[in-house]
> 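The following block contains the structure, expressed as structure tokens.
Atoms within each ligand, like the ligands themselves, are counted from 1 in listed order. We number each residue from 1, following the sequence as shown. Side chains included, hydrogens not; waters and symmetry mates left out as well; all remaining heavy atoms used. Note that this is a predicted model, so its numbers are computed, not measured.
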Amino acid sequence: MESTLGLEIIEVVEQAAIASARWMGKGEKDTADQVAVEAMRERMNKIYMRGKIVIGEGERDDAPMLYIGEEVGICTQPDAKEYCNPDELIEIDIAVDPCEGTNLVAYGQNGSMAVLAISEKGGLFAAPDFYMKKLAAPPQAKGKVDINKSATENLKILAECLDRGIDELVVVVMKRDRHTDLIKEIREAGARVRLISDGDVSAALSCAFSGTNIHALMGIGAAPEGVISAAAMRCLGGHFQGQLIYDPAIVKTGLIGESKEANLKRLSDMGITDPDKVYDANELASGETVLFAACGITPGDLMEGVRFFHGGARTQSLVISNQSMTARFVDTIHMVEAPKTLQLR
Ligand SMILES: O=C(COP(=O)(O)O)[C@@H](O)[C@H](O)[C@H](O)[C@H](O)COP(=O)(O)O
Ligand SMILES: [Mn+2]
Ligand SMILES: [Mn+2]
């Protein structure tokens, strides 16, 4: 599945990132998101593939593009019969977040990216738009830290695995009221906390790379982003666990506004029999083939943001494959017209 797909999806995230970056710092989060969605979809529909969106835009708000269930790829288009035989292609599932960190883009802050994950049909957990309690950590701690343990215990384990003191650990936590106790506990255990306003995919991913000075992600973010993070962490051999959060009282925000009972019913209707199950990366991204691609919109810990210049733009992306066992950083110059200069770095 992946030989040319791995290359094409770089362009998919690049185009989304470039489109969104034009709205960087303009205070218009919806536009920054919408243009990324349009650009991602347009480029995706040029790929010779039979894809279906399993994690996409607005599960419940009737999003017009990249909605869950939308078929994407040139072979799913109305005139497809003219140039491709869909029966020759395997069906693939796609999870997208064309603008992960819309607030970050709108306010010119670091850490936003265009991102997607791909697997064969059924290879990605079709998470509902619920919250997810997450624990991400470097490969050395895989299977040793545990989301069921306290933050204090996990920090002790992490320090041992990384052969450093707890005071030499940095944990990323989203700055939310629901994390007040967690932040207190991490600080009391001796570790340092890096609070982020948005963008926990970038934080999870950063745990897999030493040199980012990020050693764990703890706390509750969105479930779809958890699946996308898990896809990358599975390929990178990092630790990732996620547990769905369905009780509005725990998250203390309006996103899952219904009652706990209604949310439990919704999970049961989806066939989720154990709502409290802790999923690991292999379960959230269980496919034989898993591909992940991201392109920085604003600068981040792993990638540069989009930089525009006269006649073009420069992007940095990351494409990860569990088949070729590669994590490839791709630096691209996009030439809209002949540029006056092309800078080497
Ligand atoms: O920050 C995020 C926003 O993503 P997006 O809407 O695509 O710009 C994500 O990384 C978070 O995982 C998540 O969506 C968030 O924690 C849920 O929102 P909130 O209720 O504000 O915590
Ligand atoms: Mn997001
Ligand atoms: Mn988004």
Side-chain angles (χ1 to χ4, degrees), residues 13 16-17 19-21 23-24 27-41 53 55-61 63 65-68 94-117 127-136 172-180 182-183 194-207 214 217-233 240 242-258 284 292 294-298 300-301:
V13 289
S20 191
W23 290 88
M24 195 272 287
E28 292 184 38
K29 61 176 280 204
D30 291 344
T31 314
D33 191 33
Q34 190 195 324
V35 295
V37 171
E38 285 168 5
M40 180 173 270
R41 182 175 186 256
I53 302 296
I55 284 182
E57 290 292 298
E59 187 181 342
R60 283 187 275 184
D61 54 8
M65 285 182 192
L66 297 185
Y67 53 85
I68 293 165
I94 308 176
V96 300
D97 195 346
C99 181
E100 153 63 0
T102 44
N103 284 318
L104 301 174
V105 180
Y107 302 115
Q109 292 163 346
N110 285 7
S112 61
M113 54 169 76
V115 64
L116 60 81
D129 59 355
F130 278 28
Y131 283 85
M132 182 181 269
K133 184 178 170 187
K134 306 175 189 180
L135 175 63
V172 176
V173 182
M174 293 191 78
K175 191 169 189 278
R176 297 289 187 278
D177 288 347
R178 59 181 177 264
H179 294 146
T180 304
L182 174 66
I183 293 166
R194 193 163 140 188
L195 291 172
I196 56 167
S197 62
D198 289 277
D200 68 356
V201 175
S202 170
L205 222 62
S206 296
C207 296
I214 292 174
L217 165 73
M218 294 183 185
I220 297 170
E225 277 86 342
V227 175
I228 294 176
S229 304
M233 292 301 265
F240 190 89
Q243 183 179 35
L244 292 173
I245 299 290
Y246 48 81
D247 184 351
I250 295 178
V251 286
K252 298 180 184 162
T253 67
L255 202 69
I256 43 170
E258 292 141 76
L284 295 171
F292 169 95
C295 180
I297 304 175
T298 53
D301 293 304

> With a 4.0 Å heavy-atom cut-off (strictly under), which part of Asp97 contacts ligand 1: side chain, backbone, both or neither?
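Under 4.0 Å from ligand 1, Asp97 contributes side-chain atoms alone.
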> Gly101 heavy atoms, cut-off 4.0 Å: which ligand 1 atoms fall inside?
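So the atoms of ligand 1 that pass are 4 (O), 5 (P), 7 (O), 8 (O).
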> To the nearest 0.5 Å, how far apart are CE in Met132 and CD in Gln243?
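Separation between the atoms: 9.5 Å.
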> Heavy atoms only: give me the nearest Ser202-Gly111 pair and the separation to one decimal.
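Reported closest heavy-atom pair: CB-O, 3.9 Å.
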> Evaluate whether atom CE of Met174 has more than 12 neighbouring non-hydrogen atoms of other residues, nucleotides or ligands under 6.0 angstrom away.
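Correct, the count exceeds 12.
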> So how far is it from His179 NE2 to Met218 CE, rounded to the nearest 0.5 Å?
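Here the rounded value is 11.5 Å.
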> Lys29: heavy atom below 4.0 Å from ligand 1, yes or no?
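No, that is not the case, since the closest heavy atom of the residue is not under 4.0 Å from the ligand.
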> Determine whether the side chain, the backbone, both or neither of Glu225 has a heavy atom under 4.0 Å from any heavy atom of ligand 1.
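Answer for Glu225: side chain.
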> Asp198 heavy atoms, cut-off 4.0 Å: which ligand 1 atoms fall inside?
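Near Asp198, meaning under 4.0 Å from one of its heavy atoms, ligand 1 has 1 (O), 2 (C), 3 (C).
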> Is there a polar contact between ligand 1 and Cys99, counting only N or O atoms under 3.5 Å apart?
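It does: an N or O of Cys99 is found under 3.5 Å from an N or O of ligand 1.
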> What part of Arg178, side chain from CB on, backbone N/CA/C/O, both or neither, has a heavy atom under 4.0 Å from ligand 1?
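The side chain, only.
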> So Ile245 and Phe130, do their side chains get closer than 4.5 Å, heavy atoms only?
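A side-chain contact is absent here, since even the closest heavy-atom pair is not under 4.5 Å.
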> To the nearest 0.5 Å, tell me how far Ser20 OG sits from Asp33 CG.
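So the OG of Ser20 and the CG of Asp33 are separated by 7.0 Å.
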> Between Lys134, Met132, Met174, flag the one that comes closest to atom 16 (O) of ligand 1 by a heavy atom.
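Ranked by closest heavy atom to atom 16 (O) of ligand 1, first place is Met174.
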> Would you mind naming the N, O or S atom of Glu100 nearest to the Mn ion (ligand 2)?
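So the atom name we want here is OE1.
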> Is any side-chain N of the basic residue among Lys29 and Asp198 closer than 4.0 Å to the acidic one's carboxylate O?
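A salt bridge is absent here (no side-chain N lies under 4.0 Å from a carboxylate O).
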> Considering only heavy atoms from C-beta outward, does the side chain of Val35 approach that of Trp23 to under 4.5 Å?
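Result yes, sub-4.5 Å side-chain heavy-atom pair found.
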> For the 3.5 Å polar cut-off, considering only N or O atoms, please tell me whether Gly199 and ligand 1 meet it.
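Right, the criterion is met.
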> Which atoms of ligand 1 have any heavy atom of Arg176 under 4.0 Å away?
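That gives atoms 19 (P), 21 (O), 22 (O) of ligand 1.
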> Evaluate Tyr131 for polar contact with ligand 1, using N/O atom pairs at a separation under 3.5 Å.
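Checking ligand 1 against Tyr131, an N or O pair does fall under 3.5 Å apart.
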> Has ligand 1 got any nitrogen or oxygen that is less than 3.5 angstrom from a nitrogen or oxygen of Val201?
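Such a contact does not occur with ligand 1.
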> May I ask you to check if any N/O/S atom from Asp97 comes under 2.8 Å of the Mn ion (ligand 3)?
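Looking at Asp97, which is the residue asked about, there is an N, O or S atom under 2.8 Å from the Mn ion (ligand 3).
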> Roughly how far, to the nearest 0.5 Å, is the CD atom of Gln34 from the CD atom of Glu28?
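Reported to 0.5 Å precision, the distance equals 10.5 Å.
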> Quick check: of its N, O or S atoms, which one does Glu225 have closest to the Mn ion (ligand 2)?
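Nearest to the Mn ion (ligand 2) within Glu225's N, O and S set: OE2.
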> To the closest 0.5 Å, what do you measure between CD1 (Ile228) and CE (Met113)?
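One gets 10.5 Å once the value is rounded to the nearest 0.5 Å.
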